[in-house]
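In what follows, chains are A, B, ... by sequence order, proteins preceding strands, each numbered from 1.
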Number of protein chains: 2
Amino acid sequence: MPKSLHQRAVEHLGSRIVDGSIPAGEVIVAAELESELSVSRSVIREAVRVLASAGLVVSTKRVGIRVLPPADWNPFDPLVIRWRLAGDGQGAQLRSLTELRVAVEPMAAELAAEHAPAEFCGELLNLAAQMRHAGRSGDLASFLELDIRFHAMVLAASGNEMFANLANPIAETLRGRTELGLMPEHPHEEALAWHQGVADAISAHEPHRARESMELIMRRTNEEICGVWAHKPRLFPQPRA
Amino acid sequence: MPKSLHQRAVEHLGSRIVDGSIPAGEVIVAAELESELSVSRSVIREAVRVLASAGLVVSTKRVGIRVLPPADWNPFDPLVIRWRLAGDGQGAQLRSLTELRVAVEPMAAELAAEHAPAEFCGELLNLAAQMRHAGRSGDLASFLELDIRFHAMVLAASGNEMFANLANPIAETLRGRTELGLMPEHPHEEALAWHQGVADAISAHEPHRARESMELIMRRTNEEICGVWAHKPRLFPQPRA
DNA sequence: GAGACTACATGCCTGCACAGATCGGCGTCA
DNA sequence: TGACGCCGATCTGTGCAGGCATGTAGTCTC
């Protein structure tokens, strides 16, 4: 299925910038890209505009298209997240996202217990039961997908659209952890109980208990992987004016 | 200072979509926009591409440019946040951002205490002292700007680029609260002490205390404003497939 | 009801004029 | 001689105008 030329141009340039093939500070002229990709100016210009809106490049007259340093990238842009997870920045990206999860999900569980509509509660209980079943039978692939849906459901049930929007990158995080072999061989019985506890507490509208159960899950998550990327350098950008 | 035609086109279309002037489901043809803004196709096309990357519209052959419902917008896109804060969605946007702050900032303080370079610690102590001075002398304007810089500094000192990137919207949140008169007349003496506590704990590399001090600040923040938008409807989008 | 047909809006390409930023040469002055 | 400032040449993105190609939606036919 051939994607549009525009998408391919965005992908080509963006992924090369994010994986470091094109270092920050490099300047490119649009004409080069035209011949490199064998596409016309309009395609290049539209792609550059999209990448500029993600903070990857800035284009100025007489100089060309300048690649910006990682500190200027929008780390919440879905494209940036995808490219980082696909390449060298994978470790740092997974760490950032995991830390974000640890911060956000307990709050999401608390809000969900206060505001979640009934159908979300039912679905959460349903998912928790299925997770228990898949976990005990050792069906790791199903468990992963259920886990993803469970956490996405909690985020959506919080009624906070920013939380809900984190579902996709968090799903990628979980998949990434699995690919890297950072998930336990067999889901812990405690983890199953904690997920059940989150679903129960949200359904019973008990915010405090929902938060605490989710905090247990997150604490375990953090412990399992906090050491893995400890050596990766952290970025400390100066807060801009 | 006349901005480029591209920026104006993005602004024009985007702000009208976000403030609801153009309802979801509406279809627009590019030719209309050309005559409406008196610009050429390339400008419109590039603007549409940028808005599409933010999830505001999709453009399909034979049908035109379809405006997407709010659930499809990227709530972390800086442009979307700005437009929402400027218009009708202001309440819901401030609530979302505040909930995000409450979740993220304690974690950021904890991480900062573990990883912050020395220069960040010094600057934090400096800011806390200035805040105390401005707060006690009743200089609310200075206090607001110092408050913004303080929280931005903690987020940056966490070494998590996603946290650091939340500094701008959070600054807007604080300014928005002030404009709406939701800030206390005089900063509480306790709040000053808590900020000092955060700076001290981070400088002393005491993650637990840093988190707890920040939690106190956030709890107060939440109490001050949680009731204000309680009546605003929450969005519960279905998690996508 | 299923398949072919047609109209239409976007996708993509190309040539042109303009604006603004950079760079180099030139002259002046200390 | 060397440093500074002015000014024009040049390069590149910005924007415009028009054209053909392509895929889809709606219609029309059988």
- [ ] Would you please say whether a donor-acceptor pair under 3.5 Å links the side chains of His195(B) and Asp147(B)?
- [x] yes
- [ ] Could you check Val228(B), Leu174(B), Leu180(B) and say which one makes a side chain to side chain contact (heavy atoms under 4.5 Å, CB included) with Leu94(B)?
- [x] Leu180(B)
Task: Arg62(A) side chain, from C-beta outward: closest of dT10(C), dC8(C), dT22(C) - done: dT22(C)
Open item on the list: Pick the closest DNA chain C nucleotide for Ala31(B) and for Ser42(A) by heavy atoms, then say which residue is nearer the 5' end.
Closed with: Ala31(B)
- [ ] Report yes if a side-chain nitrogen or oxygen of Arg45(B) is closer than 4.0 Å to either non-bridging phosphate oxygen (OP1 or OP2) of dG11(C); otherwise report no.
- [x] yes
Open item on the list: Checking the side chain of Arg177(B) only, and the main-chain atoms of Thr221(B) only, is there a donor and an acceptor separated by less than 3.5 Å?
Closed with: no
TODO: Have a look at Val39(A) and say if it touches a base, only the backbone sugar-phosphate, or nothing, with a 4.0 Å heavy-atom cut-off.
DONE: sugar-phosphate
Open item on the list: Assess whether a salt bridge exists between Glu46(B) and Arg49(B), defined as any Lys/Arg side-chain N lying under 4.0 Å from an Asp/Glu carboxylate O.
Closed with: no
TODO: Measure from CD1 on Ile44(A) to P on dG11(C) and round the result to the nearest Å.
DONE: 16 Å
Task: Whole angstrom value for the distance that separates P of dG20(C) from NZ of Lys3(B) - done: 17 Å
Task: For chain A, the stretch of DNA chain D it reaches, first to last nucleotide, under 4.0 Å of its heavy atoms - done: dT10(D) to dG15(D)
Open item on the list: Whether Glu11(A) and Arg82(A) form a salt bridge (side-chain N of Lys/Arg under 4.0 Å from carboxylate O of Asp/Glu) is what I want to check.
Closed with: yes
Open item on the list: Measure CZ/Arg41(B) against C1'/dT10(C) and give the value in whole Å, please.
Closed with: 10 Å
Open item on the list: Judged by each residue's nearest nucleotide on DNA chain C, which is more toward the 5′ side, Lys61(A) or His6(A)?
Closed with: His6(A)
Open item on the list: By the 4.0 Å heavy-atom rule, please label Arg66(B) as base, sugar-phosphate, or nothing.
Closed with: nothing
Open item on the list: Measure CG/Leu5(A) against C1'/dC12(C) and give the value in whole Å, please.
Closed with: 7 Å
TODO: Give one of base, sugar-phosphate or nothing for Ile28(B), where a contact means two heavy atoms less than 4.0 Å apart.
DONE: sugar-phosphate
TODO: Evaluate the criterion salt bridge (charged side-chain N to carboxylate O under 4.0 Å, His left out) for residue pair Glu161(B) and Arg84(A); output intermediate values, then yes/no.
DONE: CA-CA 13 Å; Glu161(B) 65 269 21; Arg84(A) 291 191 67 192; 2.5 Å; yes
Task: Carboxylate-amine/guanidinium proximity below 4.0 Å for Arg234(A) and Glu114(B) - done: no
Open item on the list: What's Ser59(B) touching, base or sugar-phosphate or nothing? Going by heavy atoms closer than 4.0 Å.
Closed with: sugar-phosphate
